[in-house]
Every structure is written in C-alpha cells, then in structure tokens.
Amino acid sequence: MNTLLFRSATLICPNSEYHKKSVDVLIKDGKIEELSGNIDAGKEGLQVINAKGCYLAPGFFDLNASFGEPGYETREDLISGALAAMAGGFTGVAIQPSTNPPIHSKSEVSYIVNRSSSFLTDVHPLGCISYGREGKDLAELYDMKLAGAVAFTDGNRPINDSGLMSRALLYAKGFDGLVFSYPEDSSVAGKGKMNEGVVSTFLGMKGIPSLAEEIAISRDLYLAEYNDSRIHFSTISSAGSVRLIREAKAKGVRVTCDVAAHHLVLTDEVLKGFDTNYKVKPPLRGMEDVDALLEGLTDGTIDAIVSQHTPHEIEFKDVEFEIASFGIIGLQTVLPLALKTGLPVDLLVEKLSVNPRKILNLPLPSLEKGDVANLVLFSEDLEWVFDPGSNKSKAANSPFIGQTLKGRVLAVCNNEQFYYQQ
C-alpha cells in the first residue's frame, strides 16, 4: 500500500486529542505514522488526499449482513459482499448464517474465516443457535466460537422454543458468548406482508403487528434476566420495543440492540406503490415508531445502526408484492440514510463504528500514532448516484437504485489495504 496523507480531515474519535479537530494524518505500511496540524507533503511516493470538509473516523462495522456463500453465491458471494461493504465504509461485517449449508458447525465458520482472510473488510461469521436453523437442537456453539464465530443467531428465523433460547443463553454465558435474538412471535406475525395499521387496511393486505416483535422481546428479556446472560436484539422496529429495552436496561438486564438504517427514514406509507423493494422484515412501521427509534438512538437505548443487507436474485423481487421475498441490499446506503436522520455525526460514528465492536468484544480501532490504520473517510455533503455502475453487490433489490444520495464514503483503510473512490 502507498504512503498516504489525509490532508485537513476532521477527526471523529472521542479518545483522541484531535477529536472534532482538523488534522493531517500520515499512514505508512498500514500504520498511522503521524498526526498533526500540518504535515510536509513533499515526501517521495506520497499520495495526498484532500480531506477538507470530510470526516475521518474508525472504520464502520455492520452487525447484520447476509451474504450467500456457501450455497447461494448467485445472490452474493464473499467477494462481492465484501466489496459492497468496503464501498459503504465498513471495515468489518458480521454475516448471518442463512447459507446452504447454514453456518452451524466449525467447518462452515472456518471456511468463512479462511476464505476472507485476505480481504480489506474483516468478515466475521455468526454461528447458528440451532442445528440447521431448525429451532430444535442446540448447535455446537463453543466449537464455533473457537473457530471464529463472534456471536450466535438463527438469522431471520426466530427461536420459537423458549426452552431452547433459555439453554442457548445459559450455555453461551459459560464462555462469554453472545446470543442474537431476531424478535418475532411467528404465531402472531402469521403470514403478514407489511406493518399492521392504517396503510395495510387501506391496501387490503395482511399485516404484521408490532405486538409480534414486542412479545418476543418481552420473553427473551425475561430469559436473559433469569439466566443473567447477555442478549442482543437484531433490527428492532417499534416504539414498544424501544420502551421495553429502555426499561430493561434501567433494571440492569444485560441487553443491547440495533436498528436497520432503512427503519429510521422510511414508513409504511411508501408501500402504497407496491414496490417490492420496500418489502422488508421487520416491516416498515409508522411515523411514531420512527420517532421512537430516533429517540432510542439519542438516549442510548439503541446501541447500533445496521444495514440488514439482504440480497436476492431478481426473480424473488420482480413478482407480485404478496409473494415477493423480504429484504433489501443496504451496505452502501447506510451512511446516506443515517445522515438523513439529522443525528450528529459523532453519534452516528458511535453507532456505526464503536458500539458494534464493543457488543462483540472486538478491538476498537484507535486513530493514534503507531496504531494500525482501520478507518473511513466520508463526506456528509457530497452527492452520488446509486446505480448499476456504483452498486458493488451482485443483487439490485434496493428502492434507492437510480436515486441521488447525499453522504458519500470516499476511502477506507484496513489490513494494510486502501480503497479510494473519487
């Protein structure tokens, strides 16, 4: 990698003396060699990047991305998924076990770890809670942990068996493992296609009530408290969920949670056009839920923002709304959507860079002299078009394809590799 000089970047790193200050950052051989107000740019072989008006922060980390490999490479393979993550500013991703075979043993975990070892973006597998994602028998959690799994989840399949979830929490506690809960009571959600409310009634479509999510959260909070275990809720979406988790945190329950970026800016009103690219699960809710999610991010109830990147082949989306698959690709649109909320940039960096790594007990990148360079350079003002040319994913199931988005990732650096897009 070349010797790089980021000129006049605004540093966003709370532990640094240069936090929120304009600074020059020199990177050599993958490490930060110097930080100061004015670094000499006359060195031979130096690549200078004008970062005035842009932010330099620890690389983003996504707690919820789905790739297809192994088994569903036509949706997304590890290479294309990592490229999309890199273009979105993510130097680390935790990928869901919804592959074929599922990531339910040390063999699949080792495959992911070894296959992605040379990437700029660190790819961390999430192991299954249950064998085969069938919700019946506990998978070999400890073996997967030793092989490199950073947490455990059945992906977009909820654990409906309370006893199984309780055993998973207790077993993972023994080796400081972490269980991710996808909160949905399937018997309440039924065959709903969108949020249950005024819009679903207007459209004559079966709805998924927020109650389905909140019942599951209530159950798992009780189980986590009973077992004195850590638990993390993936992609919460309702005001009631925020309230439940806020109250649990106040009681001392060891709970964390995240929210998908699209749930922060979209409501179920957009479904009036029956665009299947807006069909996600949990579904887009009402404006009161969006407001509650934003408040939860501000007061610390919600710990992280995720992409919930869910690629699909075109035949799963270019069909009637009723039978279309849930999910959108999101790795490259997280930053523009997060900025659209109007939340402060330093808070967004906390939710995108710092807290996800804290949740998984991974090392936090530090922008100090001598540290390994793990960083992202981005602008909150630059606009770009998300189109087939800029989309790095194999899939195109995003409602934002063809749109001009505000907020752009300019560069990422990690593992002695550098990616720059002008």
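These numbers come from the heavy atoms of this one structure, side chains and all, not from hydrogens, waters or symmetry mates. Positions are given from 1 along the sequence. Everything numeric in this text was worked out from a predicted model, so none of it was measured.
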For residues 78-94, please give each side-chain donor-acceptor pair under 3.5 Å, one per line with the distance, not counting sequence neighbours.
residue: Ser80; atom: OG; partner: Glu76; partner atom: OE1; Å: 2.6
residue: Ser80; atom: OG; partner: Asp77; partner atom: N; Å: 3.1
residue: Ser80; atom: OG; partner: Asp77; partner atom: O; Å: 3.2
residue: Ser80; atom: OG; partner: Asp77; partner atom: OD1; Å: 3.1
residue: Thr91; atom: OG1; partner: Arg357; partner atom: NH2; Å: 3.0
residue: Thr91; atom: OG1; partner: Asn374; partner atom: OD1; Å: 2.6

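- If you run side chain to side chain contact (heavy atoms under 4.5 Å, CB included) between Val259 and each of Val242, Leu264, Thr235, only Leu264 comes through.
- A cation-pi arrangement is present between Lys272 and Phe202, with the terminal nitrogen or guanidinium carbon under 6.0 Å from the aromatic centre and inside a 45° cone about the axis.
- Both the sub-6.0 Å distance and the 45° axial angle are not jointly satisfied by Arg167 relative to the ring of Tyr171.
- Under the 4.0 Å criterion applied to side-chain N and carboxylate O atoms, Lys406 and Glu380 are not assigned as salt-bridge partners.
- Ring planes of His232 and Phe180: tilted class, angle from 30 to 60°.
- With Arg230 as the partner, the salt bridge (charged side-chain N to carboxylate O under 4.0 Å, His left out) test is satisfied by one option alone out of Asp220, Asp303, Asp176: Asp176.
- Here Arg75 pairs with Glu313 in a salt bridge; the nearest charged N to carboxylate O distance falls below 4.0 Å.
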I'd like to know whether Asp268 forms a salt bridge (Lys or Arg N to Asp or Glu O under 4.0 Å) with Arg285, so could you lay out the CA-CA distance, the side-chain angles of the two residues, the decisive distance to 0.1 Å, and finally the verdict.
CA-CA 5 Å; Asp268 54 4; Arg285 305 281 186 191; over 6 Å; no
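- Here the closest non-hydrogen pair linking Phe152 and Cys128 is CD2-O, 4.0 Å.
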Under the side-chain hydrogen bond (donor to acceptor under 3.5 Å, both in side chains) rule, what do Ser307 and Asp62 come out as? Steps first, then yes or no, please.
CA-CA 7 Å; Ser307 72; Asp62 189 14; 2.4 Å; yes
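- Listed by chain and number, the residues in a salt bridge (Lys or Arg N to Asp or Glu O under 4.0 Å) with Arg219 amount to none (sequence neighbours excluded).
- Aromatic pair Tyr278/Phe274: centroids not less than 6.0 angstrom apart.
- Checking Ser110 against Ser107 by side-chain atom types alone, no donor-acceptor pair falls below 3.5 Å.
- The distance from the CD1 atom of Ile112 to the OG1 atom of Thr99 is 6.5 Å, given to the nearest 0.5 Å.
- Put simply, the residue from Ile217, Val255, Thr256 that forms a side chain to side chain contact (heavy atoms under 4.5 Å, CB included) with Ile231 is Val255.
- In this structure His104 satisfies the ring pair (Phe, Tyr, Trp, His ring centres under 6.0 Å) test together with Tyr131, sequence neighbours excluded.
- Centroid-to-centroid, the aromatic rings of Phe326 and His312 stay 6.0 Å apart or farther.
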Show your working on side-chain hydrogen bond (donor to acceptor under 3.5 Å, both in side chains) between Asp381 and Ser379 and close with a plain yes or no.
CA-CA 5 Å; Asp381 298 317; Ser379 166; 5.0 Å; no
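- Of all the heavy atoms in Leu410 and Tyr420, the pair that sits closest is O-CD1, 3.2 Å.
- With salt bridges taken as basic N to acidic carboxylate O contacts below 4.0 Å, one links Lys251 and Glu225.
- Put simply, the side chain of Ser238 gets close to the backbone of Ser241: a donor and an acceptor are under 3.5 Å apart.
- By the neighbour-count criterion of 12 heavy atoms within 6.0 Å, atom CD1 of Ile323 is densely surrounded, having more than that number from other residues, nucleotides or ligands.
- Residue Lys249 qualifies as enclosed at atom NZ: its count of foreign heavy atoms under 6.0 Å is above 12.
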Glu140/Tyr142 under side-chain hydrogen bond (donor to acceptor under 3.5 Å, both in side chains): CA gap, chis, key distance, verdict:
CA-CA 6 Å; Glu140 292 292 344; Tyr142 186 59; over 6 Å; no
